[in-house]
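Worksheet for the structure shown next.
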Protein chains: 2
Amino acid sequence: MSDAEHVSIWMRPERPARGPKPAYSRARITEAAVRIADAEGLEAATMRRIAADIGAGAMSLYRYVPSRDDLIQLMADRLMGEIDVEGMPSGDWRADLVRYADGLRAMWLRHPWIATANRALLGFGPNQLRLIEAVMGVLDPHLPIDENLGLMAVLHGYVEGAARDEVGWIEEVRRSGVGEDEWLARSRPYLRHLLESGEYPVFSRIALEANRPRMSRDQQFRYGLERVLDCIATSLPASLPPALPPG
Amino acid sequence: MSDAEHVSIWMRPERPARGPKPAYSRARITEAAVRIADAEGLEAATMRRIAADIGAGAMSLYRYVPSRDDLIQLMADRLMGEIDVEGMPSGDWRADLVRYADGLRAMWLRHPWIATANRALLGFGPNQLRLIEAVMGVLDPHLPIDENLGLMAVLHGYVEGAARDEVGWIEEVRRSGVGEDEWLARSRPYLRHLLESGEYPVFSRIALEANRPRMSRDQQFRYGLERVLDCIATSLPASLPPALPPG
DNA sequence: CACGACTGGGTACGTTGTACGCGGTCATGA
DNA sequence: TCATGACCGCGTACAACGTACCCAGTCGTG
C-alpha cells in the first residue's frame, strides 16, 4: 500500500536508507536493457534476459524497478540523454532547432524500438526535462509560452512522425524475419494488384516515384524540416531570421 | 510454407474456395476486438476474450486471421474507415485538410488504444489507401508528388503527434487504475519538487500556465493546425488561398 | 456417393510478468 | 557490543498469454 502511492517511477527513490550494499543499479540494468533492445527489439528485452545479461537472477531486478513498464520508461529517458543540446539557446534559433531535430531523428534511428515504447513521451524524467529546458528555451525569449508550446508541437510532431515512418519500415522488415529485398519481392504481387486495379491513382504515382527516388531519406527529412522552420519563422515577431538555409 | 509467403494480411484472401460455410468473418471478429479495446484497452483484447465475445472457441479465430498482430492491423484499418473524406477534393483545399485533421484527431480520441498499435500506420489496407487518395488528392493538382508528400508528412505528423499527446495522458491515467484527480494529487509532490528545485524554469512556466489554461484542448489543436496550414499555403504556387480562418 | 478441403474447437506447450518467501547481510539503537 | 529488522539476491510458483497440433464433423466437387 505504501509503494502503490508512487504514480511514476521518478517519484520512487532508487536507494532506501538502510540495508546491505546492492550489487547492481538502475543505470546498469537500464544500460543492459537498451543494449538488448537495440540488437533484437524491445520484445527481446524480457526481465529474465536482462537479468541474465548482467549476471543477476530474474527477480533481482524488481529490487530496483517496480515493473517492466517502469523500466521501459527509464530506458526511454536514457535515450533522451543522447541528444546533444549543449549550450542550446545559442542565439541562432534556427541552427539550434535544426540541431535538435537532427539529433532526435538520429537517436530514433539508432534505437528503432523506441517507437513501440508508448509511454516514452510523457514521463517527466531528468533527461526529458533537460530537453524541454534547452529546446523550448530557444524561442522562449521571443514568444509567449502558449505559442511556443504550439510551435514546438508542430516541430516535434514532424520530427517524430518522420522518424516513426522510417523506423516503422525497419521494424516491419526485421519482424518479418526475411531480408529487405525478400520482403519487397513478396510484396510485389499485392502492389501490382493495387496498381493494375486503377482505383488508386495517387498511390500509384507515389509507388512509381519511389522506384526512382530523387531525394534521399535525409533530404526528404530536411525538406519538410525547413518547411516547418519557415513556418515558425513567420510566427516570430520582428526578430532577425537567418537567411534561407544552404539548400 | 505456402502460407508464410504472405508478408501482409492484405495479401491473404479471407475466403478459400471450398469447404463448409464459416460461422464468423474477419469483419465480425474485428468489430468485437475494436469494441473491447475501446472499453478496456488494447491489452484486454486477447484472442480468448475476443473469441468469447462472439461466442467462438479461442482457436477458431485463427481460421480467419493468421495472428494477433495481423488482427490489430485489421482493427487499425477499420478505424481509418471512420474518417469522413467523402467528396474530398472539394475545391477548397484548406477546408478539406481541416476536415481531415479534425476527423483524424476525433478518431484517435474515440480509440485511444490506436497509439499502442505500432504497425497501424504502414499497412496498406483498403481504408488507408482510400484516405491517401482523398487527402493527397487535395493538393495533387497543385503540386509535384514529392512536395505533396513532404507537406502531408508535416500535416499528418502534427495531427498524430497532438493526438498522441492527448491520448497518452488518457491512457496513462486509465492504466494507473486511479481517477484523474487522484492521479494529479499523487503527482503533486514530484511536481512541487521540480518547481522548487529552480532548475527547470521553462517547465515551471508551462506547469503554472497549465493551472489557468487560456486555451481549451480543441483551441490548442486548432492553433497549431492553422499554423501548419499557413505553412502549407506559402508552399502552394499562385493558387487562391481562402482568407485566414475565422479564428 | 466417396473424397478431401475445409470448419469449429479442445488440449497442450513454451514464454511472459511478477507475487511470495527464504536465508543471508549490515547500519543502527540499546 | 550485539540484537534487531530493513534490506539484499534469488529460487519457486502461478496465471495469462499467443498459438501449434489434432480431431471429428461438414459440404462442394469428381
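Any value given below was found using the heavy atoms of this structure, including those in side chains, with hydrogens, waters and symmetry copies removed. Numbered from 1 within each chain, the chains take letters A, B, ... in sequence-line order.
Near DNA chain C, meaning a heavy atom under 4.0 Å away, the residues from residues 38-68 of chain A are T46(A), M47(A), R48(A), M59(A), Y62(A), R63(A), S67(A), R68(A). The stretch residues 27-37 of chain B has no heavy atom under 4.0 Å from DNA chain C, so no residue of it qualifies as close.
Without hydrogens or angle criteria, Y100(A) side chain to I83(A) main chain gives no donor-acceptor distance under 3.5 Å.
Between R63(B) and P22(B) there is no side-chain heavy-atom pair separated by less than 4.5 Å. At a threshold of 4.5 Å between non-hydrogen side-chain atoms, the residues M152(B) and L155(B) count as touching.
Listed by first then second residue, pairs satisfying side-chain hydrogen bond (donor to acceptor under 3.5 Å, both in side chains) with a partner in residues 23-34 of chain B read E31(B)-R78(B), not counting sequence neighbours.
For Y190(A) and F124(B), the ring centers are positioned 6.0 Å apart or more.
Using a 30° and 60° split on the angle between ring planes, W183(B) and W169(B) fall in the perpendicular class, above 60°.
If D69(B) and A23(A) are placed on DNA chain D by their nearest nucleotide, the residue sitting closer to the 5' end is A23(A).
For the pairing with E43(B), the salt bridge (Lys or Arg N to Asp or Glu O under 4.0 Å) check across R174(B), R49(B), R68(B) returns one residue only, R174(B).
Residue-environment remark: CZ (R192(A)) stays at or below the threshold of 12 foreign heavy atoms within 6.0 Å.
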